[in-house]
4 protein chains.
Amino acid sequence: MTDPTPAAGLVKRGRPRSERSRAAILDAAAELLLGRGLGGVSMDDVAAAAGVSKATIYRWWPRKESLALDALYRDWAVGCDAALDTGSLGGDLLALLRPWYALLTRRPYARVIGALITEAQSDPAFAREYLARFVEPRRARALAIFERAIGRGEVGLAVPVDVTLDLLYGAIYHRLLHGHAPLSERFLEQVIDTVLVGVTPRAGGPTAVPR
Amino acid sequence: MTDPTPAAGLVKRGRPRSERSRAAILDAAAELLLGRGLGGVSMDDVAAAAGVSKATIYRWWPRKESLALDALYRDWAVGCDAALDTGSLGGDLLALLRPWYALLTRRPYARVIGALITEAQSDPAFAREYLARFVEPRRARALAIFERAIGRGEVGLAVPVDVTLDLLYGAIYHRLLHGHAPLSERFLEQVIDTVLVGVTPRAGGPTAVPR
Amino acid sequence: MTDPTPAAGLVKRGRPRSERSRAAILDAAAELLLGRGLGGVSMDDVAAAAGVSKATIYRWWPRKESLALDALYRDWAVGCDAALDTGSLGGDLLALLRPWYALLTRRPYARVIGALITEAQSDPAFAREYLARFVEPRRARALAIFERAIGRGEVGLAVPVDVTLDLLYGAIYHRLLHGHAPLSERFLEQVIDTVLVGVTPRAGGPTAVPR
Amino acid sequence: MTDPTPAAGLVKRGRPRSERSRAAILDAAAELLLGRGLGGVSMDDVAAAAGVSKATIYRWWPRKESLALDALYRDWAVGCDAALDTGSLGGDLLALLRPWYALLTRRPYARVIGALITEAQSDPAFAREYLARFVEPRRARALAIFERAIGRGEVGLAVPVDVTLDLLYGAIYHRLLHGHAPLSERFLEQVIDTVLVGVTPRAGGPTAVPR
DNA sequence: GTGTAATCGAGACGGTACGTCGAGTCTTGTG
DNA sequence: CACAAGACTCGACGTACCGTCTCGATTACAC
């Protein structure tokens with residue numbers, strides 16, 4: 001959204017962008033968003049909290065949702081880069097998902113995530129941005145883990161991995177967003193266990209759905 | 001939200017509520033919401049489309065989200081009441097989920113569902129209402145199906161059914177809301193198949209997650 | 001506005017008008033109007049204070065201003081009917097105006113009078129009603145007093161009495177409505193004195209305005 | 001109400017107020033007010049007619065009445081600044097009042113004046129503003145004229161000038177607001193004549209009101 | 001007594017304006 | 001150029017009041 005490295009050939013003219021302002025805006029936005037949700041925070045609020053002019057925010061972020069995306073993204077990558085190889089599918093998944101779970105439950109991320117998802121429904125460009133930053137990276141990590149497991153023979157070849165990923169992440173998002181039941185560490189383990197059973201190869205094949 | 005059967009002992013006084021207006025409001029709201037999403041529809045829009053005063057809407061629905069809940073709810077129950085017993089877990093699940101899938105994909109429900117979920121994050125009363133109307137009924141149906149399957153020995157006794165339900169519904173909501181991959185009938189079947197494999201009892205127990 | 005004696009030929013049918021309601025409405029209206037002014041009182045307020053249905057008010061008074069007219073009129077006639085003959089112009093005027101002055105200063109009539117006058121500016125029928133009830137009667141009394149004084153030779157024949165009435169009442173209304181100076185009993189006497197001087201016949205005529 | 005010259009020591013920051021908008025608002029307001037009266041004009045009307053946002057109006061004028069005050073004030077000063085000295089009290093008064101009379105009768109000012117007076121009844125601050133702008137200046141002019149006349153011996157020393165001013169202005173306002181009789185140029189002259197007679201010194205003192 | 005007819009209460013209704021708020025843009029002067 | 005300040009447009013918000021309406025329940029007179 002805010003490219004820090006402009007075209008190399010261009011000479012930089014005029015006053016340079018204030019890094020201080022940028023950080024203040026993102027900090028203030030993140031704090032306010034987690035506290036009151038996207039709908040409860042106005043751009044004036046962010047500007048006031050960051051000690052910054054509203055025009056400065058709009059110069060760098062086209063709308064509130066984009067700002068929210070950037071503000072929340074900084075924490076979001078936690079544990080995503082660490083590609084631990086524990087040697088087993090279950091261990092790898094747990095190592096991948098546990099830090100994320102910790103993040104999700106530490107502060108009310110669901111508030112803002114819900115609003116971002118809603119915004120994505122009617123703005124394809126925003127949807128792409130959201131997916132690219134918040135969904136795809138974790139999905140790619142999980143996919144790599146599954147591929148390693150397939151290589152080790154831990155996962156049956158007939159298993160549709162993309163569907164499995166949806167089961168895994170879908171279950172977690174489901175509890176996160178709907179809150180019909182607690183999103184606990186126990187739940188995380190149960191989800192992984194159930195998925196493991198579903199993908200582990202065995203002698204007799206599963207009973208297919210009659211159509 | 002709007003109880004049609006007030007306290008029986010109370011004598012009815014004053015001009016009765018106009019059923020015509022109520023229906024017109026819900027119709028107009030449903031149509032507009034599916035067309036433009038919650039954020040794209042104003043109360044004035046609904047009032048104008050329904051040929052009704054804005055005050056009349058506010059008299060019965062405290063906010064736009066509540067109205068949306070009522071407006072969408074009327075279609076939502078589709079296929080939920082039909083408790084087909086096909087004789088197999090997979091068949092039952094498919095019979096339950098297929099009509100719902102058809103509803104979800106026929107019109108852009110995701111737009112409004114997302115907004116309702118977002119609202120639920122910061123309003124516990126609304127969250128309860130949303131769950132009670134949009135989530136719990138379908139979940140209860142699925143639970144009944146699983147219990148029948150357990151009775152038939154189709155599902156292992158150690159399987160945590162609530163987690164399984166989250167895998168099932170979570171996967172579908174995940175694709176519905178995130179749109180990272182199409183929510184197709186094929187996907188629906190794959191989800192059911194994978195879940196079936198995960199819950200079907202077998203000789204050797206599942207590999208537990210190493211902790 | 002509300003004719004208590006309908007066409008004689010008409011037979012009275014149906015439930016008769018509740019005199020209790022009528023009185024309660026006028027009482028409540030007068031009290032509220034003097035307390036909060038016309039703009040500060042809603043028809044719902046009056047209905048609630050009178051323990052009466054809003055429809056009942058509208059059945060008998062076409063609009064709020066008409067109700068205000070009736071509500072205030074009951075006090076307004078004070079001292080207007082008493083046609084004391086003190087024997088002198090000054091004495092008669094004082095006897096006429098003093099009770100009215102007392103009424104005006106006892107409670108904040110100016111609030112409502114101002115609103116009625118304003119309404120009269122854009123509704124000729126209302127203006128006629130207002131004049132006929134609030135202005136003409138007192139004017140007619142004063143006119144009679146002046147005519148008696150003319151008969152006694154207290155007032156010059158060349159004096160334009162209607163203009164003199166405007167000076168008299170105008171001065172009082174001026175202080176009542178504008179409040180730039182107190183409307184005191186002293187002021188009332190000074191006004192009468194000054195008018196007396198202006199109308200008393202003398203040897204040399206007044207200096208006419210050069211035109 | 002809207003001070004054009006803020007504290008001198010303060011540096012002007014931010015976008016300056018649009019003089020164009022300010023003038024358009026006052027023009028539109030004056031035109032609409034004289035055409036339909038205060039009650040017949042909504043803030044949306046003014047905003048639309050002035051090609052301006054409603055919020056901009058509310059930023060500078062707290063309520064409709066304040067706007068009306070400013071909008072009408074621009075014409076109101078007509079002939080007030082010209083302090084003609086015709087040499088006689090009658091001539092001076094006529095020179096002062098004739099232009100005002102002309103203004104009052106050219107367009108339906110009474111509509112709005114009535115509403116302003118009504119508002120003043122329940123808002124002391126507004127009352128002060130109204131008096132300071134619409135009443136006091138003309139009164140001060142007339143007072144100066146009377147004091148010159150006293151210096152010339154045209155007015156008796158015992159005459160209470162403030163009461164005389166109330167007779168003069170009161171009579172005019174009375175006909176303006178009540179409309180029981182036409183506010184004509186002839187009436188204006190008669191009022192001045194009668195007042196002149198009342199204040200001109202003579203041999204025998206006036207007959208005091210018997211108490 | 002049994003219509004018939006007008007009243008009454010309660011309160012929902014369409015409509016209009018209110019005054020406020022937030023998003024996002026624009027216009028100054030200053031660094 | 002970037003930035004702070006803040007005025008601006010636009011559009012929606014939720015509320016309040018107006019005057020109308022639809023109920024069921026009363027209350028009179030007329031038959």
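The structure displayed is predicted, hence computed values, not measured ones. Letters go in sequence order (proteins before strands), and every chain restarts at 1.
Rounded to whole angstrom, the span from the CZ atom of B:Arg63 across to the P atom of F:dG14 amounts to 8 Å. When rounded to the nearest whole Å, the span between CZ of B:Arg36 and P of F:dA12 equals 9 Å. Rounded to an integer number of Å, the gap from A:Asp44 CG to F:dA4 P is 14 Å. As a whole-Å value, the separation of A:Tyr58 OH from F:dA2 P is 18 Å.
Residues satisfying the side-chain contact (heavy atoms from CB on, under 4.5 Å) criterion with B:Arg13, sequence neighbours excluded, are absent altogether. For C:Arg15, there are no side-chain hydrogen bond (donor to acceptor under 3.5 Å, both in side chains) partners, not counting sequence neighbours. For B:Ala115, the side-chain contact (heavy atoms from CB on, under 4.5 Å) partners are A:Thr118, B:Leu38, not counting sequence neighbours. The side-chain hydrogen bond (donor to acceptor under 3.5 Å, both in side chains) test applied to A:Gln121 returns no partner, not counting sequence neighbours. B:Arg107 pairs by the salt bridge (charged side-chain N to carboxylate O under 4.0 Å, His left out) definition with B:Glu31, not counting sequence neighbours. Every residue two or more places apart in sequence or in another chain that forms a side-chain hydrogen bond (donor to acceptor under 3.5 Å, both in side chains) with D:Asp45 is listed here: D:Arg36, D:Ser42. Evaluation of the side-chain hydrogen bond (donor to acceptor under 3.5 Å, both in side chains) rule for B:Ser21 yields B:Ser18 as partners, not counting sequence neighbours.
Chain D approaches DNA chain E within less than 4.0 angstrom (heavy atoms of the protein), and the contacting nucleotides run 5' to 3' from E:dA17 to E:dT28.
Each of C:Glu65 and B:Lys64 lies near DNA chain F, and the nucleotide nearest B:Lys64 is the one positioned closer to the 5' end.
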Side-chain donor-acceptor contacts of residues 47-58 of chain B below 3.5 Å, not counting sequence neighbours, with atom names and distances?
| unit_1 | atom_1 | unit_2 | atom_2 | d |
| --- | --- | --- | --- | --- |
| B:Ser53 | OG | B:Ala55 | N | 3.2 |

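A heavy atom lying under 4.0 Å from DNA chain F marks none of the residues of residues 111-121 of chain B.
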Produce the list of close N/O pairs, under 3.5 Å, pairing protein atoms with atoms of nucleotides 8-11 of chain F; give distances to one decimal.
| unit_1 | atom_1 | unit_2 | atom_2 | d |
| --- | --- | --- | --- | --- |
| F:dC8 | OP1 | D:Ser18 | N | 3.0 |
| F:dC8 | OP2 | D:Arg59 | NE | 3.4 |
| F:dC8 | OP2 | D:Trp60 | NE1 | 2.7 |
| F:dT9 | OP2 | D:Ser53 | N | 3.1 |
| F:dT9 | OP2 | D:Thr56 | OG1 | 2.3 |

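Closest non-hydrogen pair, A:Leu69 versus A:Glu129, comes out as CD2-CG, 3.1 Å.
A heavy-atom distance below 4.5 Å is not found between the side chains of A:Asp123 and A:Tyr130.
Looking at heavy-atom distances under 4.0 Å, A:Val41 makes contact with sugar-phosphate atoms alone, never a base.
Remark: D:Asp27 engages D:Arg74 in a salt bridge, criterion side-chain N to carboxylate O under 4.0 Å.
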